Asker: 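If you scroll down you'll find the structure; I have some questions about it.
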Amino acid sequence: MILIIILAIASGMALSTQAAINGQLGEKIGIVKTSLITFGIATVITTLLILFFEPAQKSNLLTVPKWQLTGAFFGILYLIAMVASVPRVGIAVATVATIFGQMMMSMIIDTQGWLGNAPIALNPWRIAAMVCISIALFFIYKSNQAELER
């Protein structure tokens, strides 16, 4: 379990690094072109991973519920939003805002048991976590505003 959490933390670090790089690239060549390059390179790498490392699965794209294929659209939304927002509000604000949005939606999905997930009750710990993320977003945003006013 700890290893999975460490892996998730590492992926978050990678996303912030990606946001910084893509934000700069987006300013130079455009938001959508940057997204296309990112997804193009990711497609090539993912294809190679599938060919050489992915074990055979019982299901394929033709047999899974079609609604499960919509997840790719959310990745596009995320990438375009980050490429557009990082140069304007900074990596920290964009990232914490993204985490806030992720937590809001994950709490709804968890409590309602949506999308085939087992329900997890809302409790004071989860509410406190949302409050902490909200406060963090506010303070990081205010810090950025103070820097810009100097």
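These values consider heavy atoms only, across backbone and side chains, with no hydrogens, waters or symmetry-generated copies. For clarity, every value in this text was computed on a predicted model and none was experimentally measured.
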Asker: When you measure from the side chain of K33 to the backbone of L25, do you find a donor-acceptor pair of N or O atoms at a distance under 3.5 Å?
Answerer: no
Asker: Check whether I31 and I76 end up in the same hydrophobic cluster, where Ile, Leu, Val, Met, Phe, Trp and Tyr are linked by side-chain heavy atoms less than 4.5 Å apart.
Answerer: yes
Asker: Which residue, I37, I80, T17, T34, forms the side chain to side chain contact (heavy atoms under 4.5 Å, CB included) with N22?
Answerer: T34
Asker: Sequence neighbours left out, what passes side-chain contact (heavy atoms from CB on, under 4.5 Å) with L7? Give chain and number order.
Answerer: none
Asker: Taking OH in Y141 as the centre, count heavy atoms belonging to other residues, nucleotides or ligands within less than 6.0 Å. Is the count above 12?
Answerer: no
Asker: Show which residues join I120 in its hydrophobic cluster (side-chain heavy-atom contacts under 4.5 Å, direct or indirect), or state none.
Answerer: none
Asker: Please report the closest heavy-atom contact between T111 and A121, naming both atoms and the distance.
Answerer: CG2-C, 4.2 Å
Asker: Are the side chain of T47 and the backbone N or O of T43 linked by a donor-acceptor pair below 3.5 Å?
Answerer: yes
Asker: Enter the distance from L122:CG to Q112:CD here, rounded to the nearest 0.5 Å.
Answerer: 10.0 Å
Asker: Side-chain heavy atoms nearer than 4.5 Å, only ILVMFWY residues, links allowed to pass through others: does that put F73 and L69 together?
Answerer: no
Asker: Nearest 0.5 Å, please: how far is OG in S59 from CD in Q68?
Answerer: 8.5 Å
Asker: Distance-only criterion, 3.5 Å: show the donor-acceptor pairs between side-chain atoms of residues 85-105 and protein atoms not counting sequence neighbours.
Answerer:
residue : atom : partner : partner atom : Å
S85     : OG   : A81     : O            : 2.8
R88     : NH1  : A84     : O            : 2.6
T95     : OG1  : I91     : O            : 2.8
T98     : OG1  : A94     : O            : 2.8

Asker: Is it true that, when you exclude W67 itself, more than 12 heavy atoms of the residues, nucleotides or ligands shown sit nearer than 6.0 Å to its CH2?
Answerer: yes
Asker: Rounded to the nearest 0.5 Å, what separates atom OG1 in T70 from atom CG in L115?
Answerer: 8.0 Å
Asker: Side chains of L79 and Q18, heavy atoms from C-beta outward: is any pair under 4.5 Å?
Answerer: yes
Asker: Can you get from I41 to L51 by hopping between Ile, Leu, Val, Met, Phe, Trp and Tyr side chains that sit under 4.5 Å apart?
Answerer: yes
Asker: Would a distance-only check, ignoring hydrogens and angles, find a side-chain to backbone donor-acceptor pair under 3.5 Å from E54 to F52?
Answerer: no
Asker: Going only through I, L, V, M, F, W and Y residues with side-chain contacts under 4.5 Å, is there a path from L61 to I50?
Answerer: no
Asker: What distance do I21 atom CD1 and T38 atom OG1 have between them, rounded to the nearest 0.5 Å?
Answerer: 9.5 Å
Asker: Report the distance from atom OH of Y78 to atom CG of L15, rounding to the nearest 0.5 Å.
Answerer: 4.0 Å
